[in-house]
Amino acid sequence: MSFSLTTWNINSVRLRIDQVIRFLGEHEPDVLCLQETKCPNDQFPLAAFRALGYQYVALNGQKGYHGVATLSRIPFAETMIRQFCDKEDSRHLTVELAGTGASNGRKGLRIHNFYVPAGGDIPDPEVNPRFAHKLAFLDELMLWNEQTLPAERPSILVGDLNVAPYETDVWSHKALLNVVSHTPVETERLERFRQVSQYVDAVRTLQPEPEKVYTWWSYRSPDWAAANKGRRLDHIWIAPSLTPALAATKITRETRGWERPSDHAPVTVTLQI
DNA sequence: ATGACGGTTCTTAACCGA
């Protein structure tokens, strides 16, 4: 059976609901994980998703900022939200898919949806509290990992991790070394977390370095497609037990060219389970 | 070539994103 999942930082789900619906109609992933929904839960545009068969919805939204949502054609056995850094912000949501575990003695498939703090402008935690928050969030992810033991159950970790970890994840490694999202203190933390948790970077498995791979292009670039000064900030990591099932990954760059787009492109993984 | 932008808010300027 084929299973596909898309992660997309939509930068306001209400403003871009028509684009989300268009994407779902064209690509039909089984599960969609959104970040930066910027939408309180009671204002989430549920009807549009239900009409396309995404009946199962888990929300962690707040007003104005951040916000994650997971929409699915497969029922959930469980949903979980964890707070990070003792803040009330909406940056995490885990769902466990029903029918993927207990009946045959296995642990169910969990999907972890994250929106890691952006980190502000100055890459110095001493003078920039946002960067300090980002580093603390990445440190806390390591502790979270020890409780969830992703190597021991089928799981997928996705989201806007706001870090471009490898040299060919940015348009210029040299130019961005001191730019938030690609500084060594961030990239080393993220890579350490991934390695300790034993997650496999699905996109880089199928598009290994040194190929340049991006998922985000700044709004400020006047000709984003020609300049192509992107970064790979959005990620899909799969548990080691799922790697034999990894069939395809796709970054749908064309949505960045739609009218009034998100600055992030959707990233999709397909597994043959 | 980190901005020439774009989102939200008890809006009309401030804040945040990355």
Side-chain angles (χ1 to χ4, degrees), chain A residues 7-20 34-45 59-69 84-85 87-92 114-125 127-138 158-187 189-190 212-235 251 253 255-267:
Chain A
T7 181
W8 193 5
N9 179 320
I10 194 60
N11 190 15
S12 173
V13 67
R14 285 174 291 181
L15 192 68
R16 277 182 254 287
I17 184 62
D18 291 347
Q19 296 189 34
V20 180
L34 296 174
Q35 302 86 35
E36 280 208 273
T37 54
K38 298 185 176 179
C39 182
N41 291 349
D42 61 4
Q43 295 173 35
F44 197 90
L59 302 175
N60 181 9
Q62 66 180 84
K63 187 169 63 178
Y65 300 107
H66 322 315
V68 291
F84 285 81
C85 303
K87 289 179 182 285
E88 298 284 321
D89 53 2
S90 297
R91 297 184 178 277
H92 167 255
F114 278 98
Y115 177 55
V116 172
D121 281 325
I122 303 167
D124 181 352
V127 299
N128 174 9
R130 289 194 191 91
F131 195 68
H133 177 210
K134 184 178 197 175
L135 296 183
F137 194 100
L138 292 170
V158 307
D160 178 2
L161 304 185
N162 266 319
V163 178
Y166 306 135
E167 293 193 11
T168 53
D169 290 336
V170 292
W171 63 274
S172 167
H173 171 61
K174 191 176 174 184
L176 293 177
L177 252 179
N178 200 34
V179 172
V180 172
S181 73
H182 194 61
T183 66
V185 286
E186 298 166 77
T187 59
R189 269 176 172 78
L190 190 73
K212 299 261 194 183
V213 182
Y214 311 138
T215 66
W216 173 89
W217 295 262
S218 172
Y219 283 127
R220 298 193 193 196
S221 185
D223 190 349
W224 71 274
N228 199 28
K229 292 180 175 174
R231 305 177 201 172
R232 190 172 72 105
L233 303 177
D234 303 275
H235 299 272
I251 296 164
R253 194 178 192 267
T255 65
R256 184 62 179 81
W258 289 356
E259 194 175 344
R260 295 194 82 189
S262 168
D263 44 357
H264 295 254
V267 184

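Here is how names work: the chains are called A, B, and so on, in the same order as the sequence lines, proteins then strands, and each is numbered from 1.
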Return whichever of A:Gly119 or A:Ala175 has its heavy-atom-nearest nucleotide of DNA chain B closer to the 5' end. A:Ala175

Phosphate-side-chain proximity, A:Asn11 and B:dG7, N/O vs OP1/OP2 below 4.0 Å: no

Work out how far the C1' atom of B:dA4 is from that of B:dT9, and round it to whole angstrom. 25 Å

Which part of the nucleic acid does A:Asp234 contact within heavy-atom distance under 4.0 Å: base, sugar-phosphate only, or nothing? nothing

Report the distance from atom CG of A:Leu15 to atom C1' of B:dT8, rounded to the nearest whole Å. 10 Å

Under the side-chain contact (heavy atoms from CB on, under 4.5 Å) rule, collect the residues that match up with A:Pro129, sequence neighbours excluded. none

Just to be sure I understand the rule, does A:Leu176 reach a base, reach only the sugar-phosphate, or reach nothing, if contact means heavy atoms closer than 4.0 Å? base

Could you tell me whether A:His182 contacts a base, only the sugar-phosphate backbone, or nothing, with contacts defined as non-hydrogen atoms closer than 4.0 Å? nothing

Mark yes or no: A:Arg232 above the aromatic ring of A:Trp216, with NZ or CZ under 6.0 Å from the six-membered ring centre and no more than 45 degrees from the axis. no

Side-chain heavy atoms of A:His264 within contact of A:Asp160, under 4.5 Å: yes

Please classify the nucleic acid contact of A:Asp223 as base, sugar-phosphate, or nothing, using heavy-atom distances under 4.0 Å. nothing

Give one of base, sugar-phosphate or nothing for A:Phe131, where a contact means two heavy atoms less than 4.0 Å apart. nothing

Partners meeting salt bridge (charged side-chain N to carboxylate O under 4.0 Å, His left out) with A:Asp89 (sequence neighbours left out): A:Arg91

In whole angstrom, give me the gap between the C1' atoms of B:dA1 and B:dA18. 16 Å

Could you tell me how far B:dC10 sits from B:dC16 if I compare only their P atoms? Round to whole Å. 14 Å

With sequence neighbours left out, what residues match A:Tyr65 under ring-ring contact (aromatic ring centres under 6.0 Å, His included)? none

Tell me whether the side-chain N/O atoms of A:Arg260 come closer than 4.0 Å to OP1 or OP2 in B:dG7. yes

Residues which pass ring-ring contact (aromatic ring centres under 6.0 Å, His included) with A:His133, listed by chain and number, not counting sequence neighbours: none

Any side-chain heavy atom of A:Leu177 within less than 4.5 Å of one from A:Thr183? no

Result for 5'-nearest mapping on DNA chain B, choosing between A:Leu233 and A:Lys63, is A:Lys63

Under 4.0 Å between any heavy atoms, over every strand shown, what does A:Trp171 touch: base, sugar-phosphate, or nothing? Just pick one. sugar-phosphate

On a whole-Å scale, what distance lies between the P atoms belonging to B:dG6 and B:dT11? 23 Å

Counting any heavy atom closer than 4.0 Å, what does A:Ser12 reach on the DNA or RNA strands: base, sugar-phosphate only, or nothing? sugar-phosphate

Which part of the nucleic acid, if any, lies within contact of A:Asp263, taking any heavy atom under 4.0 Å across all strands shown: a base, the sugar-phosphate backbone alone, or nothing? nothing

How far, in whole Å, is B:dT8 from B:dG3 if one measures between their P atoms? 25 Å

Classify the nucleic acid contact of A:Lys229 as base, sugar-phosphate or nothing, counting any heavy atom under 4.0 Å across all strands shown. base

Could you list the residues that satisfy ring-ring contact (aromatic ring centres under 6.0 Å, His included) with A:Phe114, not counting sequence neighbours? A:Phe84, A:His92, A:Trp144

Polar-atom pairs under 3.5 Å, protein N or O versus N or O of nucleotides 14-16 of chain B: list them with distances, or write none.
unit_1, atom_1, unit_2, atom_2, d
B:dC16, OP1, A:Arg130, NH2, 2.9
B:dC16, OP2, A:Arg130, NH2, 2.2
B:dC16, O5', A:Arg130, NH2, 2.9

